[in-house]
*Asks:* 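Take this structure, written in structure tokens, and hold onto it; I'll ask about it next.
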Amino acid sequence: KFYGEEIDILYAKSDRERMNISFENCSQDGKSLNLEPQSLGDDLISFLFTKKEPILLNSELDSVLESHPLTIKGSKHPISIISIPDPGTENNSRMFTLISNGNVSFNELDLGTMTIIGQLISKILIQFDQELNLEKLSNQAEKTLNWQRELAEIARTLASYKTHDEALSA
């Protein structure tokens with residue numbers, strides 16, 4: 001939930017050699033999804049992968065959807081989208097996307113907050129990659145679990161605010 005509303009969350013990876021997108025972590029209406037990889041094309045997710053910086057789509061979203069439809073099975077018509085490329089990966093090949101189908105229209109504050117969270121996640125992944133070896137695999141799994149718990153706590157705290165004003169005053 002984000003400001004009391006269910007939002008869809010996608011963490012996707014683009015494989016330019018295979019010309020596809022795989023979905024590493026997704027939820028829709030608060031439920032975890034397992035989505036099949038899809039080909040890179042003219043759809044909305046492929047379009048978002050072409051952006052090399054965080055993007056906020058609100059009033060211009062309908063015109064973007066005309067030429068780049070949302071092709072994820074079960075998706076509703078979105079009213080607001082934030083998409084953050086993972087700055088720690090080569091060619092921005094990973095992307096974190098929030099999709100609002102309800103009453104939440106994301107704003108610049110949300111974009112900035114999610115950009116910071118995306119950078120933290122990227123740093124964790126980079127550190128994990130640098131430290132990883134077979135002897136430390138068990139230890140790294142425990143660290144990753146702890147990082148996920150910390151990030152989940154941050155997300156729960158952000159989601160507990162009912163309004164942007166309440167979040168700002170905290």
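Fair warning: this is a prediction, and the values are worked out from it, not measured in the lab.
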*Asks:* Could you walk me through whether Asn20 and Ser39 pass the side chain to side chain donor-acceptor pair (under 3.5 Å) check?
*Replies:* CA-CA 4 Å; Asn20 74 5; Ser39 296; over 6 Å; no
*Asks:* Any luck finding a side-chain donor-acceptor pair between Asp43 and Ser46 under 3.5 Å?
*Replies:*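 There is such a pair between these side chains.
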*Asks:* Nearest 0.5 angstrom please: Asp110 CG to Leu98 CG, how far?
*Replies:*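 The CG atom of Asp110 sits 8.5 Å away from the CG atom of Leu98.
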*Asks:* By ring-ring contact (aromatic ring centres under 6.0 Å, His included), which residues pair with Phe47, not counting sequence neighbours?
*Replies:* His68
*Asks:* Checking Lys13 against Ile21 for the side chain to side chain contact (heavy atoms under 4.5 Å, CB included) test, could you report, in this order, the C-alpha distance in whole Å, the side-chain angles of both residues, the deciding distance, and whether it holds?
*Replies:* CA-CA 6 Å; Lys13 177 182 175 183; Ile21 298 169; over 6 Å; no
*Asks:* Would you say that Ile7 contacts Phe106 through its side chain, given a criterion of any heavy-atom pair below 4.5 Å between the two side chains?
*Replies:* yes
*Asks:* Looking at every non-hydrogen atom in both residues, tell me the closest pair between Asn101 and Lys76 and how far apart they are.
*Replies:* OD1-O, 3.4 Å
*Asks:* CD1/Ile117 to CE/Met114 distance, rounded to the nearest 0.5 angstrom?
*Replies:*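 Rounded to the nearest 0.5 Å, the CD1-CE separation comes out at 4.5 Å.
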*Asks:* Side chains of Val64 and Leu57: does their closest heavy-atom pair fall under 4.5 Å?
*Replies:*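 Yes. Closest side-chain heavy atoms under 4.5 Å.
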*Asks:* To the nearest 0.5 Å, what is the distance between CG on Leu48 and CD1 on Ile55?
*Replies:*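 The CG atom of Leu48 sits 6.0 Å away from the CD1 atom of Ile55.
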*Asks:* Could you walk me through whether Ile82 and Phe96 pass the side chain to side chain contact (heavy atoms under 4.5 Å, CB included) check?
*Replies:* CA-CA 8 Å; Ile82 289 178; Phe96 180 68; over 6 Å; no
*Asks:* Starting at CG of Leu10, measure out to OG of Ser27 and round the result to the nearest 0.5 Å.
*Replies:* 8.0 Å
*Asks:* For Met95 and Ser83, work out which heavy atoms get closest and say how close.
*Replies:*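 Looks like SD-OG, 3.0 Å.
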*Asks:* Does a side-chain heavy-atom distance below 4.5 Å link Thr97 with Ile84?
*Replies:*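 A side-chain contact is absent here, since even the closest heavy-atom pair is not under 4.5 Å.
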*Asks:* Can you find a heavy atom in the side chain of Phe23 that is under 4.5 Å from one in the side chain of Glu36?
*Replies:* no
